[in-house]
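The sequence lines fix the lettering, A, B, ..., with proteins before strands; numbering per chain opens at 1.
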Amino acid sequence: MSISWLDDFRQQAKSQFEQTGFPSNRLEDWRYTNVSVIAKKEFPLAKIENAPVFDGSQGGTAFHFVLVDGFFNAELSNLPKTITVCSINDALNNHADLLQSKFNQAITQTHGFIDFNTANFTDGLFVHIAENGVLEKPIQIIHVATQEAILPTRHVVILEKNAKATLIETFSSSENNAYLTNSVAEIFVGENADLTLYKVQQESETAYHFGGTYVQQADNARFTHHNFALGSVLARSDIVCDLATAAECELNGLYLGSQKQHLDNFTRINHLQPNGISREFYKGILNDQAKGVFQGRIVVAENAQKIDSKMNNRNLLLSNEAEIDTKPQLEIYADDVKCAHGVTVGQLDEKSIFYLQSRGIDEATAKHILTFAFANEMVDKITVPSLRESVFNLLLARFPEGAER
Amino acid sequence: MLKIKDLTVNVGTKEILKGLNLEVKAGEIHAIMGPNGAGKSTLSHILSGKSGYEVTGGSITYNDKNLLEMPAEIRAREGVFLAFQYPVEIAGVTNVYLLKAALNAVRKHKGLSEVDAMDFLTLVKAKTKALDMDEKFLYRAVNEGFSGGEKKRNEILQMAMLEPQLCILDETDSGLDIDALRIVADGVNALRSENRAFIMVTHYQRLLDYIKPDFVHVLADGKIVKSGGAELALELEEKGYGWLEQA
Ligand SMILES: Nc1ncnc2c1ncn2[C@@H]1O[C@H](COP(=O)(O)OP(=O)(O)OP(=O)(O)O)[C@@H](O)[C@H]1O
Ligand SMILES: [Mg+2]
């Protein structure tokens, strides 16, 4: 099926991508992450295949929207009946005008991954919550990769005035495959609406991952994001939020790198109008030869007075060969603002290790406990109990001696 | 139980303990007093196995074993407990988790099985109540955001749970209000037994009114310069330390 307005977007993005390819690390926003290895892999585009059996859902506590290799699988899914939730391909037929009015509108600055996505996305989630609408339980978008291919997906989520919803997005694979996830979400949080989004990236250890979340927040809109970067050999996440008057944005993140993992977290909060609040808190634990990147930029426009913004990035390096590039940036053009940022990079606190030892706990266990506690602070922020438990268990799998099962 | 002989300890190139001798037998309570910077906390840390100190001479035997050769966690499992002058805050680790992990580490060392979850809860709640602490403290991160006095009480809670043989209290009384001091003292007195010994570092007679020591020592400039009975503390309270240094 061909839809002309979309074909125009696709054509334009395609020719853009043909010129630039995936982003070069000569670009400022990509300087710590070299993705040339991905182009060299020459992954084919994914094809629709039979769905595998999988587990990773939140049981009855959430709706499920399942994407197998980037294709919506209705049989495995379970969607709310009273609220518009469907695949993007369905929305192209059934909600064409609304989709057209929003498509590509949350993306203010593009790059190779986004262009590739626009040109090639196979499917994705479409959500429209009408004014005052409330999603009674979270929708979990479950990505399952089964092929050695590129899996481009595109979501469009629209919350009208006073609407409220929670989304969970999980990425995993059926086997230890090499593939490239390329997922882009455009999110529109209407006036005084409230959206919480959890992302749990546990791709296979040889997979590549790009996930971009682009958020438009209207006046008084609230957006909360929790980003857990656990899997993948090379992963990059973009989170870009544009805030109107008195909008609030909270970005939390945890990246756990081991072996040769490279985990890049790029965030940008644009305070475009006055009275906004933003809170950003990212933590990283890097072991072996893993490398972490935190690029957090907060921009306060000239007329955006009375902004209250805090950014914090804390890192734990567990090996001599592990590395972190952390770059918090405040770009402030207004004069009446309250902005603070802090960064720490370090090892576990010697005094804390000794304190535990002095209570009979051996040094290795003490280190596991403290490492676990460092990470668990972010897991504790999850307010969906079943999700908190499953992420807690993922953390336990990484640091098995750090806590009680 | 504990024999310290001619102990000399450096931090960097600075000599802090300068030939310290002390013998503690099971069932005894020893108070150590002395001016700021004399080396009291250094001695406590050395006993508990903290790194960063260099023992340049002398020996410490504990239950006929060479204490200095034991890693800190083995000392704890063998019954050495230090209630710190400045307890550490540990974000993200709950009190109850630490208590259970510590208790199980000690039990395992003694060849006992892990404590039953229900028994543990009953026990820990009883001890918490005895120290007049709210149960909520159990589920808070270790010492995080605790007031000075709450931290000290928390140290005694850990001590009560682990039932050590040699209890070292480094200025546990400092920062406690009058009621808290009595509660903590009751906690300590409840632990007194003929198999257990206490070393209490303090600056104040007040604590010794509640917990009567068998011996009082003055530690000044890295050495025990005077020892006596409980009455020595009263004399110190009256005269200060000056008269000892001149002697
Ligand atoms: N890590 C260190 N580096 C340098 N000097 C140290 C270190 N630790 C202890 N000292 C010094 O050793 C001396 C003894 O310190 P210690 O803490 O043992 O004294 P204290 O008797 O416990 O004093 P207070 O009554 O004030 O608690 C002090 O002069 C102190 O500054
Ligand atoms: Mg001291």
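- Judged by the 6.0 Å and 45° rule, A/R359 forms a cation-pi pair with A/Y355.
- Annotation: A/H226 is in aromatic contact with A/Y198 [ring centroid separation under 6.0 Å].
- For B/N63 (side chain) and B/K65 (main-chain N/O), no donor-acceptor pair under 3.5 Å exists by modelled atom type.
- Of the two parts of A/N376, neither the backbone nor the side chain holds a non-hydrogen atom closer than 4.5 Å to a non-hydrogen atom of chain B.
- Residue B/E89 touches chain A through its backbone alone, counting heavy-atom pairs closer than 4.5 Å.
- Put simply, of B/T94, B/L98, B/L162, B/V106, the one with the most heavy-atom pairs under 4.5 Å next to chain A is B/L98.
- With a threshold of 4.5 angstrom between heavy atoms, B/K108 does not approach chain A through any atom at all.
- Taking a cutoff of 4.0 Å between a charged side-chain nitrogen and a carboxylate oxygen, B/E155 and B/K151 do not qualify as a salt bridge.
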